[in-house]
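Just so we're on the same page: letters track the sequence lines, and every chain starts at 1. As the structure is a prediction and not an experimental result, all values here were calculated from the model. Basis for what follows: all heavy atoms, side chains included, without hydrogens, waters or symmetry-related copies.
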Amino acid sequence: MTETKKTPLLDELEKGPWPSFVKEIKKAAAHNISSQDLLGQLELSYEDKKAHWKHGGLVGVMGYGGGVIGRYSDVPEQFPNIEMFHTIRLNQPSGWYYNTKALRQVCDVWEKYGSGLTNLHGATGDMVLLGTKTEYIQTIFDEVSNFEEHPMDLGGSGSNLRTPSCCAGPARCEFAMIDTLDLCHDLTNEFQDYLHRPMWPYKSKIKISGCPNDCVASIARSDISIQGTWRDDIKINQEAVREYVAGGFDINGMVISKCPTKCIAWDGNELTIDNANCTRCMHCINKMTKALRPGDDRGATILIGGKAPILQGAMMGWVIVPFMKLESGSGYEELKEFLEKVWEWWDENGKTRERLGELILRLGMRNFLRAIELEPIPQMVMAPRANPFFFWWPEETVQD
Amino acid sequence: MAQARTDIGPPLYKEMLPPIIKENYGKWQYHEIVKPGVLVHVSETGAKLYTVRAGSPRLISIYFIREICDLADKYCDGYLRFTSRHNVEFLLSDGSKVDALIAELTEKGVPVGGTGNSITNIVHTQGWVHCHTPATDASGIVKSVMDELFEYFTTMKLPAKLRISLACCLNMCGAVHCSDIAILGIHRTVPKIDHDTLHKVCEIPTLTASCPTAAIRPNPKLKSVEIKAERCMYCGNCYTMCPSVHIIDAKNDAVSIWVGGKISNSRIGPRFSRLAIPFLPNNPPRWPEVVNAVKHIVEVYAANAQPGERMAEWIERISWEKFFEVTGLQFTDKHIDDFTLAQTTFRSTTQFKW
């Protein structure tokens, strides 16, 4: 066993009231020599102010092209037990709900073959198991995928569909206007092949929020952001509104004056909403949960193009489909056809490492809309263009 | 030995839901925050589901997981969930058990909070723990910042919710660019090229194409590439494509701070975080400059924003020029955009404040 090294810098991070990741690594290190070496290498990073992992490394399980990320130490002579320290991504259940049996059986496998360290969860949503050797990867997958109850599959990595994720949904939230859990599970199963076998220009992410509060940050973190919304009138329980006010709630300060479209009014007895001018921002509903509820004509807005800065700068998703009905148990055929069209256009036209949003900017929204057969409508833009440099389709002008 | 099965999909969420949720799925009528860290959801059926939200360091051991499983078995019939911000949530159908659970969590050093007008778990990336391109560590800064801002996790005394996020390089695995406060690791120097290995391990056309500013061009003589320094803005994308282009520079890698982003559509819509501080040194193990800067911004915001105002709304009301004035942060040429669409951020009105 590698000699336990002193870690004076990291020990500083055991102090203070917030839970310490160093304590977690030490807990794992008490049982596991790779975690001991991880602690040593991290201390070295704290001394050197740089990471000590080599670039890249291809490892995987039979039949899959992603889900495992190779990681090798650049100082293996000092830390031989993390010469290989690969990540395994496991596809989480919708909404990150677990029973303890499901979690414990992953812990047991990870105790046998891994470092004992995890992320719950990674930024894309997967259960992330940090640190195993190449020789154990297949065994780990075979064991987790053969659990008698709650078998687990790999998540995505590389140029594929990344593991879709969603908010708490109708299981625990009164705002959910689509069944985010069912939709996430359905789409994940439908597109398994895209998830497990990288064949695209780059990664593509789907995140699903049940309402415009967007608790999974889908607009910023996913190429395809699906957010529940409604089209009809907000439901008002006038008695409950009066109870809020009678209880000292500052309805003018907290709700009326904060409505972005000034479409809500309170006359001291009745609350009225000019629904035609409401942009469904959720503020009034968030603040008066007992009195206001979204309408009954429910569906989702689909926004396309969100991503982090690499390559062309950070982008947020753009409204492409303002409203699509997504009823649970419907099979979601309209959405699936839409996704296939979007991915096909991107896959045909995208350059290596070009995300969907970047391709739309490069080739123009008009080309994208035509490819996916959608008519342009004002809901897609904040404002029409301010420059005269626009294109005409050949059929729109007289050709000699 | 078990046989390989593939494409089985994720575990079915329905098997992970406690009976009270199965019985009230889609029937929740409203929720209230009982006290910091405790939510109650009330169903049309009258059923009440209590949620106790706890902090976690994100990087956790199986021993931590087993401990929280023990608590879930004891108090929640074996059910729990995680949030998109790495919090642990215990789901209780019996409200009388809430305080005992909180007492046990507190005793184990697991704080309860993160609801309503609070700072909840900081979402973050891997940093030096497990990534090959980071400009800084992730878990260490987050731990240091949360130690200092702990009271804002366990209380709800801020004007509105405040979301802090950290990414250890511009790849932004956590996509932190729409956060009230984002902590972002940055490289600040042109990559050094290892000409001896480049042609053996990298594809030159892919490498040159990877540069968003076309700073990289082939150097056929060396069977390698060269980088036009004045065009490089250190994004590190070339390093991701080619291990012989070394972007990590321990002497210059640093931390930047961004403010005023948000995700939700509530009131003002989603918006990007904007640069507040372009450079703070990497100073492990406690990053005092970063911690102080974040704490300072939080405190100035808390003292000046109106009730209900997110960071972005506060800044929009007072203006960016006043933001720099009241925070005392220095405005530099780094704050003026010179990348794609820079002109959309220049001011074209005489309406500004002194």
Side-chain angles (χ1 to χ4, degrees), chain A residues 9 12-13 16-19 21 24 27-28 45-46 49-51 53 55 62-63 91 93-94 96-100 103 107 110 116 119-120 123 130 142 145-146 150-151 153 170-171 174 181 188-189 192 212-214 216-217 219-221 258 260 281-283 289-290 308-311 313-314, chain B residues 2 4-11 13 16-17 21 25-26 28-31 57-66 69 72-73 78-79 81-82 84 128 130 132 134 139-140 143 146-147 150 170-175 177-178 212 237 243 248 250 263-267 270 282 284-285 340:
Chain A
L9 293 172
E12 288 297 313
L13 291 166
W18 188 252
F21 72 101
E24 293 301 308
K27 275 190 221 166
S45 283
Y46 271 56
K49 299 189 185 185
K50 65 173 197 171
W53 298 106
H55 186 292
M62 291 286 286
N91 194 337
S94 283
W96 303 287
Y97 290 90
Y98 290 97
N99 66 38
T100 52
L103 280 174
C107 290
W110 200 233
N119 290 142
L120 294 184
L130 286 172
D142 290 345
S145 62
N146 276 286
H150 323 305
D153 204 343
E174 70 271 26
L181 306 173
T188 309
N189 279 298
Q192 288 280 311
N213 284 324
D214 197 7
V216 288
I219 197 168
R221 307 198 299 158
K258 288 202 156 51
C281 85
M282 291 295 292
H283 175 74
T289 54
K290 286 181 181 172
I310 304 291
L311 204 63
Chain B
R5 300 166 67 200
T6 62
D7 302 278
I8 55 172
Y13 62 94
M16 306 292 171
L17 303 175
I21 284 186
Y25 195 90
W28 301 108
Q29 200 164 22
Y30 68 92
H31 79 278
R58 178 178 187 262
L59 175 61
I60 56 179
S61 67
I62 54 175
Y63 308 100
F64 179 89
I65 299 173
R66 286 172 180 159
C69 283
D73 286 341
Y79 297 93
R81 78 175 286 267
F82 295 82
S84 58
W128 293 335
H130 209 228
H132 64 176
S139 321
K143 161 74 175 149
M146 283 309 281
D147 277 342
F150 189 72
L170 270 55
N171 267 315
M172 267 192 207
C173 298
H177 53 280
C178 298
N237 193 43
I248 290 176
I263 297 294
S264 85
N265 286 279
S266 190
R267 301 173 305 281
N282 246 339
T340 321

Peer 1: What part of A/L120 gets within 4.5 angstrom of chain B, counting heavy atoms only: side chain, backbone, both, or neither?
Peer 2: both
Peer 1: Taking it one step at a time, do A/H150 and A/N99 satisfy side-chain hydrogen bond (donor to acceptor under 3.5 Å, both in side chains)?
Peer 2: CA-CA 10 Å; A/H150 323 305; A/N99 66 38; 3.0 Å; yes
Peer 1: Side chain from CB out, backbone as N, CA, C, O: work out which of these in B/H31 comes under 4.5 Å of a heavy atom of chain A, or both, or neither.
Peer 2: both
Peer 1: Is the side chain of A/W53 donor-acceptor paired with the backbone N or O of B/W128 at a distance under 3.5 Å, no angle test?
Peer 2: yes
Peer 1: Top residue by heavy-atom pair count (under 4.5 Å) with chain B, among A/G63, A/P309, A/G313?
Peer 2: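 Most heavy-atom pairs within the cutoff with chain B belong to A/P309.
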Peer 1: So which part of B/I60 gets closer than 4.5 Å to some heavy atom of chain A, the side chain, the backbone, both or neither?
Peer 2: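 When you check distances to chain A, atoms from both the backbone and side chain of B/I60 fall under 4.5 Å.
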Peer 1: Who among A/N119, A/D214, A/T289, A/N91 has the most heavy-atom pairs with chain B under 4.5 Å?
Peer 2: A/N119
Peer 1: Tell me whether the centres of the aromatic rings in A/Y97 and B/F82 are closer together than 6.0 Å.
Peer 2: no
Peer 1: In terms of heavy-atom pairs under 4.5 Å with chain A, which of B/P134, B/S84, B/C173 leads?
Peer 2: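 The residue among B/P134, B/S84, B/C173 with the greatest pair count is B/S84.
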Peer 1: Let me know if A/P93 has heavy atoms under 4.5 Å from chain B in its side chain, its backbone, both or neither.
Peer 2: both
Peer 1: Once you measure the plane-to-plane angle for A/H55 and B/H132, does it fall in the parallel (<30°), tilted (30-60°) or perpendicular (>60°) bin?
Peer 2: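 A/H55 and B/H132: tilted rings.
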Peer 1: Please state whether the side chain, the backbone, both or neither of B/I248 comes within less than 4.5 Å of a heavy atom of chain A.
Peer 2: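 Contact with chain A involves the side chain of B/I248 alone.
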Peer 1: Checking heavy atoms, do the side chain of A/T188, its backbone, both or neither come under 4.5 Å from chain B?
Peer 2: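 Just the side chain, heavy atoms under 4.5 Å.
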